[in-house]
Amino acid sequence: MTSPRREPGVEAPLRSGALLKDVMAAHFAAVERAARDRTAPVAWCTSVGPVELLRALGYEVFFPENHGALLGASRMAGETMPRAHALGYSPDICSYLTSDIGAYLEKRTPLARHGLSQPPRPDVLLYSTNQCREVRDWFEFYGREWGVPVVGVTSFRDLGEIAPLHLDAIERQLEALIPPLEAVAGRRLDAARLEEAVSRSRACSEAWRDCLAASAARPAALTFFDATIHMGPAVVLRGTAEACTYYQHLLAELRERVQRGAGALPRERFRLYWDGMPIWGRLRDLATLFAQLDTSVVASTYCNSWIFEALDPRDPLRSMARASLELFIARAEEPKQRYLERMIREFSVDGVVFHDSKTCPNNSNARFGMPQRLRRSSGVPVLVLDGDLNDLRCFSDEQARTNIEGFVEQLEGAGPPRGAEAGS
Amino acid sequence: VTAGPCYAGLDCGSWNTKAALVDAEGRLIATAVVRTGADLHAAADRALSELLERAGVTRGDVAALWSTGFGRHALTLASGSRTELDSHARGALRYVEGPLTVIDIGGQDAKIILVDAEGRRIGHKMNRKCAAGTGSFLEEMALRLDVGIGELPALAAGFTEELQLGSFCTVFTGTEVLALIRQGKRPPDLARAAYRSVVKRVLEMERVEGRIVATGGVVAHHPMVVELLEKATGASVFVPEHPQEIGALGVAVAAREAALAPAA
């Protein structure tokens, strides 16, 4: 039956988890120290923005989206968002933004567990709208609040094929960012340091990609829910040696799991793909529910978003432009569909869950008929789950549970799982 | 009552707890419906007692009891459970072969369940976190029209004008109804418009394919919904006997199938 009332057993936790905590704590401490002691310039950057420029100029970098995720995961977001709503930031816009601005107004932060009383104050804010327009509005709030410069790339969105004219436009904008970033940092951009940062970002991307690829094995070595935690360094330390080192450790451990045939779940009957944002405040509940159903969420668009394979130290700016435009979130429906079809094949998934995140239309792909088209083209069943990244008022636990359990029951009735008959 | 073991299903819904009993051959022999109220377990006990009494059997004759509905996991007296999605599809398939679309309209949610020609579930949609398109919406409209929910069908039967209610939100629709009353619109026409609104909200959830089977408490007690479904889809809509208890029947069938399945 579908709903066993047992607690899921789990593979021993990844040893890398302890290292992850140290790496993240060291990151927060370093940015905090720089902001407090003025030992290095501090920048805030969007999560898939041109961080390599900042690394090359010696900035310590803080990522507000990471803070947004922490606000969601700690469920502090529910208490902070209303302050931003009252300021005119609608409940219908990005709940990372409203959580974070609300937290600033409330003077609260989940970083307190790392000894920070508030996010480190920046000298400059750097955005790229390759993911959404909200990041710019978000940063401009703080720019006004603190009187610091806000610079960025106004990117293309909904791109089909990426043409030279698109790359030219982004590359020109990246070039134009250099003088203001140099002015704040008080130093000139060194070409060798930029190449090094791009090289490290590329190495981090490749190692993270290989970690995620370990879940192509049956059983999957890492679930989506674990991956959303382990991707921390790929987000906040991209372009540093620390991130590369971390993923080498994680990769070795995951490969060891694969080698001995162990999976993230004790039993894996079905394999799913997750498209869209995590539901941060319900991450653990959903991980437990899927585990109880012996269903592994083996891959996701979200975790894949920090793989930048186009980065090339031999041509830093051009390759940064390409990497920023190749991102799934910046693409049109047709390349997105091709990508999802490829993921279904590569990870041998039995079904796809689309999280339709109320306040994140840019990272919700269930609104223009994609689930229906994908179901037809791939033959794989799909489930659309209504929710939100941080605003749990948009999420019904009961309805989500019924939707997910009902979906797994549907898979049970659909014949043997993909690839299972081959014993792969 | 046929000889041999019986199989019971309990559907713990938000408004009502429904019970169904099938015999050893899988034939429906009795059903019961009680208000769920605030005590899920007491409601389940009442529903089960009523069911057994109607069927003329004892608890000892029940070989397996499974649960469905929002309270399915809470019922300790059930030895297994399935979601409402599975149960309604299974129940509908007792009456109609696939391919079919089950439209289930309950107190708190509405579902569209797609079943293929082999009787396998191939997809579903549930209403968003919103009362529109559910029994809760009709309760709110009855309140605005100053009638009990049970009086709404008779009121709507006297309609003479087709009105539109355009809001997505139940609260906004309530305001819209008040505005229409101020404009002199008649309560029977507004009651009819409330049913039309439910049907519109439900049909925009998913494309319906194959034969349509309508189930759920709203279908059982508000037949105008079925008439409007037929009008909107241009297809005949099959309503099984006991449409409200179809989920309970489905999960009783699931309990029987599990009991009879060869051990793995």
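What's counted below: heavy atoms across the whole structure, side chains too, no hydrogens, waters or symmetry copies. Below, chain A is the first sequence line, B the second, and so on; all start at residue 1.
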Within this structure, what is the CG-CG distance for the pair A:Asn403 and B:Asp109, rounded to the nearest 0.5 Å? 9.5 Å
What is the minimum heavy-atom distance between A:Thr402 and B:Glu84, and which atoms define it? CG2-OE1, 3.5 Å
Heavy-atom distances under 4.5 Å only: say whether B:Glu257 touches chain A with side chain, backbone, both or neither. neither
Between the CE atom in B:Met126 and the OG atom in A:Ser396, the distance rounded to the nearest 0.5 Å is 7.5 Å
Is it true that A:Glu405 and B:Arg72 make a salt bridge, defined as a side-chain N closer than 4.0 Å to a carboxylate O? yes
Which atoms of A:Arg375 come close to chain B, meaning under 4.5 Å heavy atom to heavy atom: side chain ones, backbone ones, both, or neither? side chain
More than 12 non-hydrogen atoms from neighbouring residues, nucleotides or ligands closer than 6.0 Å to CD on A:Glu333, yes or no? yes
Does a sphere of radius 6.0 Å around CZ in B:Arg207 hold more than 12 heavy atoms from other residues, nucleotides or ligands, not counting ones at 6.0 Å or beyond? no
To the nearest 0.5 Å, how far apart are CD in A:Glu398 and OG in B:Ser14? 10.5 Å
Could you walk me through whether B:Arg82 and A:Glu412 pass the salt bridge (charged side-chain N to carboxylate O under 4.0 Å, His left out) check? CA-CA 12 Å; B:Arg82 305 292 291 185; A:Glu412 286 170 343; 3.5 Å; yes
Taking the side chain from A:Gln399 and the backbone from B:Asn127, do they hold a donor-acceptor pair closer than 3.5 Å? yes
Rounded to the nearest 0.5 Å, what separation is found between the CG atom of A:Asp386 and the NZ atom of B:Lys125? 8.5 Å
Looking at B:Arg121 and A:Gly406, would you say the former's side chain and the latter's main chain have a donor-acceptor pair under 3.5 Å? yes
